[in-house]
Amino acid sequence: MSSSSRNTLRVRRHARVRKRVNGTESRPRLSVFRSLHHIYAQLIDDRSGATLASASTREKSVGGDKASANCGAAEKVGAAIAERAKAKGIVAVVFDRGGYKYHGRIKALADAARGAGLEF
(Lines give C-alpha, C1' and ligand atoms only; values in the text may rest on other atoms or scores of the structure.)
Protein backbone atom coordinates (compact mmCIF):
# COMPACT_ATOMS: atom_id res chain seq x y z
CA MET A 1 0.00 0.00 0.00
CA SER A 2 1.22 3.48 -0.84
CA SER A 3 2.19 5.93 1.86
CA SER A 4 0.56 8.81 -0.06
CA SER A 5 -2.45 10.36 1.58
CA ARG A 6 -5.86 10.39 -0.04
CA ASN A 7 -5.63 14.16 -0.61
CA THR A 8 -2.16 13.90 -2.19
CA LEU A 9 -3.52 11.40 -4.69
CA ARG A 10 -6.51 13.66 -5.40
CA VAL A 11 -4.19 16.63 -6.05
CA ARG A 12 -2.17 14.51 -8.50
CA ARG A 13 -5.36 13.47 -10.34
CA HIS A 14 -6.49 17.08 -10.45
CA ALA A 15 -3.16 18.23 -11.90
CA ARG A 16 -3.42 15.55 -14.58
CA VAL A 17 -6.91 16.69 -15.58
CA ARG A 18 -5.98 20.40 -15.47
CA LYS A 19 -3.47 19.86 -18.28
CA ARG A 20 -6.44 19.56 -20.65
CA VAL A 21 -9.23 21.53 -18.95
CA ASN A 22 -8.98 25.30 -19.44
CA GLY A 23 -11.56 28.02 -19.02
CA THR A 24 -12.03 31.11 -21.17
CA GLU A 25 -14.08 34.24 -20.65
CA SER A 26 -16.91 32.93 -22.84
CA ARG A 27 -16.71 29.38 -21.44
CA PRO A 28 -15.16 29.48 -17.95
CA ARG A 29 -14.08 26.54 -15.85
CA LEU A 30 -16.51 25.48 -13.11
CA SER A 31 -14.10 24.36 -10.41
CA VAL A 32 -15.40 22.39 -7.43
CA PHE A 33 -13.73 21.89 -4.04
CA ARG A 34 -15.22 19.93 -1.20
CA SER A 35 -14.08 19.73 2.38
CA LEU A 36 -15.50 17.68 5.21
CA HIS A 37 -17.88 20.47 6.20
CA HIS A 38 -18.47 22.62 3.09
CA ILE A 39 -18.52 22.65 -0.71
CA TYR A 40 -17.26 25.48 -2.90
CA ALA A 41 -17.71 26.29 -6.61
CA GLN A 42 -15.97 28.93 -8.74
CA LEU A 43 -16.22 30.09 -12.33
CA ILE A 44 -12.65 30.78 -13.47
CA ASP A 45 -11.24 32.43 -16.60
CA ASP A 46 -7.82 30.77 -16.86
CA ARG A 47 -6.53 33.11 -19.56
CA SER A 48 -6.78 36.18 -17.31
CA GLY A 49 -6.53 34.24 -14.04
CA ALA A 50 -9.73 35.79 -12.72
CA THR A 51 -12.61 34.33 -10.73
CA LEU A 52 -15.85 35.44 -12.41
CA ALA A 53 -18.31 34.10 -9.81
CA SER A 54 -18.33 31.87 -6.76
CA ALA A 55 -20.71 30.15 -4.38
CA SER A 56 -20.29 28.03 -1.28
CA THR A 57 -22.17 26.61 1.66
CA ARG A 58 -20.42 29.14 3.92
CA GLU A 59 -22.56 31.96 2.50
CA LYS A 60 -25.67 32.97 4.42
CA SER A 61 -27.74 33.05 1.21
CA VAL A 62 -26.81 29.47 0.29
CA GLY A 63 -26.37 27.47 3.45
CA GLY A 64 -25.32 29.60 6.37
CA ASP A 65 -22.30 29.25 8.61
CA LYS A 66 -23.16 25.83 9.97
CA ALA A 67 -21.44 22.78 8.52
CA SER A 68 -23.52 21.48 5.65
CA ALA A 69 -21.66 18.88 3.65
CA ASN A 70 -24.49 16.90 2.11
CA CYS A 71 -26.09 16.50 -1.32
CA GLY A 72 -28.88 18.96 -0.52
CA ALA A 73 -26.34 21.68 0.25
CA ALA A 74 -24.40 20.82 -2.92
CA GLU A 75 -27.59 21.25 -4.96
CA LYS A 76 -28.10 24.72 -3.45
CA VAL A 77 -24.53 25.68 -4.38
CA GLY A 78 -25.01 24.36 -7.93
CA ALA A 79 -28.19 26.38 -8.38
CA ALA A 80 -26.54 29.50 -6.91
CA ILE A 81 -23.49 29.31 -9.17
CA ALA A 82 -25.70 28.81 -12.24
CA GLU A 83 -27.84 31.80 -11.26
CA ARG A 84 -24.74 33.99 -10.82
CA ALA A 85 -23.31 32.78 -14.12
CA LYS A 86 -26.51 33.62 -15.99
CA ALA A 87 -26.51 37.09 -14.39
CA LYS A 88 -23.08 37.65 -15.96
CA GLY A 89 -24.21 36.31 -19.34
CA ILE A 90 -22.45 32.94 -19.08
CA VAL A 91 -24.42 29.97 -20.42
CA ALA A 92 -21.71 27.34 -21.05
CA VAL A 93 -18.92 26.13 -18.75
CA VAL A 94 -16.21 23.47 -18.63
CA PHE A 95 -16.67 21.24 -15.58
CA ASP A 96 -13.61 20.62 -13.40
CA ARG A 97 -14.41 18.01 -10.75
CA GLY A 98 -11.18 18.75 -8.87
CA GLY A 99 -9.88 15.17 -8.83
CA TYR A 100 -12.97 13.91 -6.98
CA LYS A 101 -15.17 11.08 -8.24
CA TYR A 102 -18.19 12.24 -10.22
CA HIS A 103 -20.50 10.90 -7.53
CA GLY A 104 -22.45 12.10 -4.52
CA ARG A 105 -21.98 15.79 -3.70
CA ILE A 106 -20.01 16.55 -6.89
CA LYS A 107 -22.71 14.98 -9.07
CA ALA A 108 -25.48 16.74 -7.13
CA LEU A 109 -23.80 20.13 -7.67
CA ALA A 110 -23.31 19.47 -11.40
CA ASP A 111 -26.89 18.24 -11.91
CA ALA A 112 -28.31 21.27 -10.08
CA ALA A 113 -26.21 23.64 -12.18
CA ARG A 114 -27.40 21.91 -15.37
CA GLY A 115 -30.98 22.04 -14.15
CA ALA A 116 -30.66 25.78 -13.52
CA GLY A 117 -29.55 26.39 -17.12
CA LEU A 118 -25.77 25.92 -17.38
CA GLU A 119 -24.47 23.86 -20.30
CA PHE A 120 -21.49 21.53 -19.78
Side-chain angles (χ1 to χ4, degrees):
M1 185 153 197
S2 173
S3 64
S4 296
S5 71
R6 185 180 281 187
N7 192 52
T8 303
L9 296 173
R10 180 197 68 81
V11 169
R12 286 176 56 194
R13 275 192 307 274
H14 189 209
R16 209 167 38 238
V17 170
R18 282 284 292 122
K19 289 179 194 174
R20 296 193 184 109
V21 176
N22 286 309
T24 62
E25 189 174 358
S26 61
R27 192 177 173 110
R29 175 169 55 98
L30 174 58
S31 177
V32 177
F33 175 76
R34 69 181 175 97
S35 69
L36 288 175
H37 300 291
H38 296 284
I39 190 156
Y40 307 83
Q42 290 182 318
L43 291 176
I44 303 169
D45 176 6
D46 288 313
R47 290 191 181 155
S48 66
T51 298
L52 306 175
S54 66
S56 77
T57 53
R58 296 192 69 184
E59 299 172 10
K60 295 251 186 233
S61 61
V62 177
D65 289 331
K66 63 180 180 172
S68 52
N70 55 27
C71 287
E75 288 173 1
K76 288 179 186 176
V77 171
I81 196 75
E83 187 178 298
R84 293 171 190 178
K86 288 196 298 186
K88 293 195 177 245
I90 299 167
V91 293
V93 297
V94 178
F95 189 66
D96 176 12
R97 60 188 174 87
Y100 303 105
K101 285 184 178 181
Y102 186 78
H103 178 75
R105 289 185 277 163
I106 303 298
K107 184 177 186 300
L109 188 145
D111 289 344
R114 271 195 208 100
L118 278 184
E119 296 176 16
F120 289 27

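The residues of the chain are indexed from 1 along the displayed sequence.
- Between the OG1 atom of Thr57 and the CZ atom of Arg105 there is a distance of 9.0 Å, given to the nearest 0.5 Å.
- Looking at Ile106 and Arg34, their side chains come closer than 4.5 Å, going by heavy atoms from C-beta outward.
- Looking only at distances, a side-chain donor or acceptor of Lys88 sits under 3.5 Å from a matching main-chain atom of Leu52.
- In summary, the side chains of Thr51 and Ser54 do not present any donor paired with an acceptor at a separation below 3.5 Å, with no hydrogens or angles considered.
- With no hydrogens or angles considered, no side-chain donor-acceptor pair links Ser56 and His38 at under 3.5 Å.
- Ser4 and Leu9 get closest at one heavy-atom pair: CB-CD2, 3.9 Å.
- Looking only at distances, a side-chain donor or acceptor of Asn70 sits under 3.5 Å from a matching main-chain atom of Ala73.
- Not one N or O on the side chain of Tyr40 forms a donor-acceptor pair closer than 3.5 Å with the backbone of Val32.
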Check: residues 18-25 side-chain donor-acceptor pairs under 3.5 Å, at least two apart:
from	atom 1	to	atom 2	distance (Å)
Arg18	NH1	Val21	O	2.5
Thr24	OG1	Ser26	OG	3.4
Thr24	OG1	Arg27	N	3.1

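- Within the 3.5 Å criterion, the main-chain N or O of Asp45 finds no donor-acceptor partner in the side chain of Arg29.
- With sequence neighbours excluded, no residue satisfies salt bridge (Lys or Arg N to Asp or Glu O under 4.0 Å) with Arg12.
- Side-chain contact between Asp46 and Ile44: present, with at least one pair of heavy atoms (C-beta onward) separated by less than 4.5 Å.
- Taken to the nearest 0.5 Å, the CZ atom of Arg10 stands 10.5 Å off from the CZ atom of Arg97.
- The side chain to side chain contact (heavy atoms under 4.5 Å, CB included) test applied to Ala110 returns Phe95, Tyr102, Arg114, Phe120, not counting sequence neighbours.
- At distances below 3.5 Å, at least one donor-acceptor pair connects side-chain atoms of Lys86 with backbone N or O atoms of Ala116.
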